[in-house]
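The block underneath contains the structure these notes are about, expressed in structure tokens.
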Amino acid sequence: MTDFFADIPQIRYEGPESTNEFAFRHYDPEAEVLGKPLQDHLRFAVAWWHSFAWPGGDPFGGQTFQRPWFGDTMDLAKMKADVAFELFAILGQPFFCFHDADIRPEGETFAESRDRLDEITDYIGGKMEESGVSLLWGTANLFTHRRFMAGAATNPDPEVFAYAAATVKSCIDATHRLGGQNYVLWGGREGYETLLNTDMGRERQQAGRFLQMTVEYARKTGFEGTILIEPKPQEPTKHQYDYDVATVYGFLKDFGLEDEVKVNIEQGHAILAGHSFEHELALARSLGIFGSIDMNRNDYQSGWDTDQFPNSVPEVALAYYEVLKAGGFTTGGTNFDAKLRRQSLDPADLVLAHIGGMDVCAAGLKAAAAMLEDGGLEEARAARYAGWDGSDLLESDLETIAARVEAEGIAPEPRSGRQERLENYVNRFV
Ligand code: XLS
Ligand code: NI
Ligand code: NI
């Protein structure tokens, strides 16, 4: 045991009336919603990078956090893991997610980095066994080190492609060994800073082949988890190839991977792409590639990926409505890809941030479930499209349709879209 969270109690559900800040008011893990415990609906995960590895920097200032485990030794990496599992226990968090760079210090050579990853994987594996906490997903950090400054798979230098491929192999191995339920690829620098030096067509081919190799290797080694791409339009690069769900779907189709790879959708990335979270979720659901979510929120004024903890029940409810409509999570879950503000220095801040996020998600999911059970939105939608029931129009052709319009004297009458009525309806539940 470390003493990092010394005075912080185990967080329990106390109900909406509780004034105890170290308690859940909405997240009752065992409570049944639509015939399933809330914890199995939400499948919460803590992100290792934001909660334990992020130093609190911003573009104008460096580290603000002074965690006792910050440093480059394996002993400190193990202390970080100890603290991580203490946080999971305090919160009752069932899952976590990591990048290789979050859990072990980089070595002098690739082989040393890989050995360190193996060593920390064993250490974390032991803690998972003791605690019953599981791995939602693992991923490779192919964006922080300077070797990746011009991309990983899409780099103009084939040696960087090779280094990235070897890194992904080692991260799939680690994820597989820890029983990870998914493996994520976020193309943090797979894009460009300027078209003046970029061959977009070539880079896209490299990215496609890289993803095929990743899928081939994962299947060959018997990794049965879901492989997920995480769309994001820009930041850190000016333009990223995994722009949004629609772009990723076109890419997967192009490389024959649409049945192999799904998407991990992040609230802040959806906003950066000029969409809403529920837009991205609804599209992924309708394309059959919905996998998992990175839950956070962006500041509406700042224009970048601020990765804050969610705090709006109405927004989160509409997102979970789409998740429930997709049939809920299978291997996916709710990963808090969210970090503290850099002035939030205290250990308690880290716990309270997660309590708030978990409660907002629980309240949102319950509201979404109630809306789905009530069926008002689905009825309204069905009524809006009712004219299509039994219609053979889509099997027809322009000439036949044109003849029919004249023969039957078709003259459509516009009808209300009822938006305000539906907004009022949603507000009854949130
Ligand atoms: C960054 C991404 C990153 C991925 C994992 O914006 O959200 O944190 O989730 O590489
Ligand atoms: Ni992000
Ligand atoms: Ni993310």
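Each ligand, and each atom within it, is numbered from 1 in the order the structure gives.
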(request) May I ask you to check whether T2 and E86 show a side-chain donor-acceptor distance below 3.5 Å? (result)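 Present: a donor and an acceptor within the cut-off.
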(message) Keeping to distances under 2.8 Å, can you name the protein N/O/S atoms close to the Ni ion (ligand 3)?
(response)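 Counting only protein N, O or S atoms under 2.8 Å from the Ni ion (ligand 3), the list reads E230 OE2, E266 OE1, D294 OD2, D337 OD2.
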(message) Between K232 and E235, does any side-chain N to carboxylate O distance fall below 4.0 Å?
(response)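 Judged by the 4.0 Å cut-off on N to carboxylate O distance, K232 and E235 do form a salt bridge.
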(request) State whether E112 and R104 are salt-bridged, where the test is any N-O pair (Lys NZ or Arg NE/NH1/NH2 against Asp/Glu carboxylate O) under 4.0 Å. (result)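 Between R104 and E112 there is no salt bridge, as every charged N stays at least 4.0 Å from the carboxylate O atoms.
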(message) From the N, O or S atoms in D305, identify the one nearest to the Ni ion (ligand 2).
(response)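 That would be atom OD2.
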(message) So, applying side-chain contact (heavy atoms from CB on, under 4.5 Å) with R25, which one of I355, D359, T19 is it?
(response)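 With R25 as partner, side-chain contact (heavy atoms from CB on, under 4.5 Å) holds for just one option, D359.
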(request) Please say which of T306, N298, D305 ends up in a side-chain contact (heavy atoms from CB on, under 4.5 Å) with S302. (result)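 Of the listed residues T306, N298, D305, the side-chain contact (heavy atoms from CB on, under 4.5 Å) partner of S302 is T306.
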(request) Sort out the contact shell of ligand 1: every protein residue with a heavy-atom distance below 4.0 Å, listed by chain and number. (result)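 Contacting ligand 1 under 4.0 Å are W49, H99, W137, W186, E230, K232, E266, H269, D294, D305, D337.
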Are [Y] and [X] an aromatic pair, judged by ring center distance below 6.0 Å?
| X | Y | value |
| --- | --- | --- |
| F98 | W137 | no |
| F336 | F44 | yes |
| Y241 | F251 | no |

(message) Taking the six-membered ring of F52 as reference, does the cationic atom of K80 (NZ for Lys, CZ for Arg) lie under 6.0 Å from its centre and within 45° of its axis?
(response)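 No, K80 does not lie over the aromatic ring of F52.
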(message) On the six-membered ring of F4, is R67 placed so that its NZ or CZ lies under 6.0 angstrom from the centre and within 45° of the ring axis?
(response)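 No, R67 does not lie over the aromatic ring of F4.
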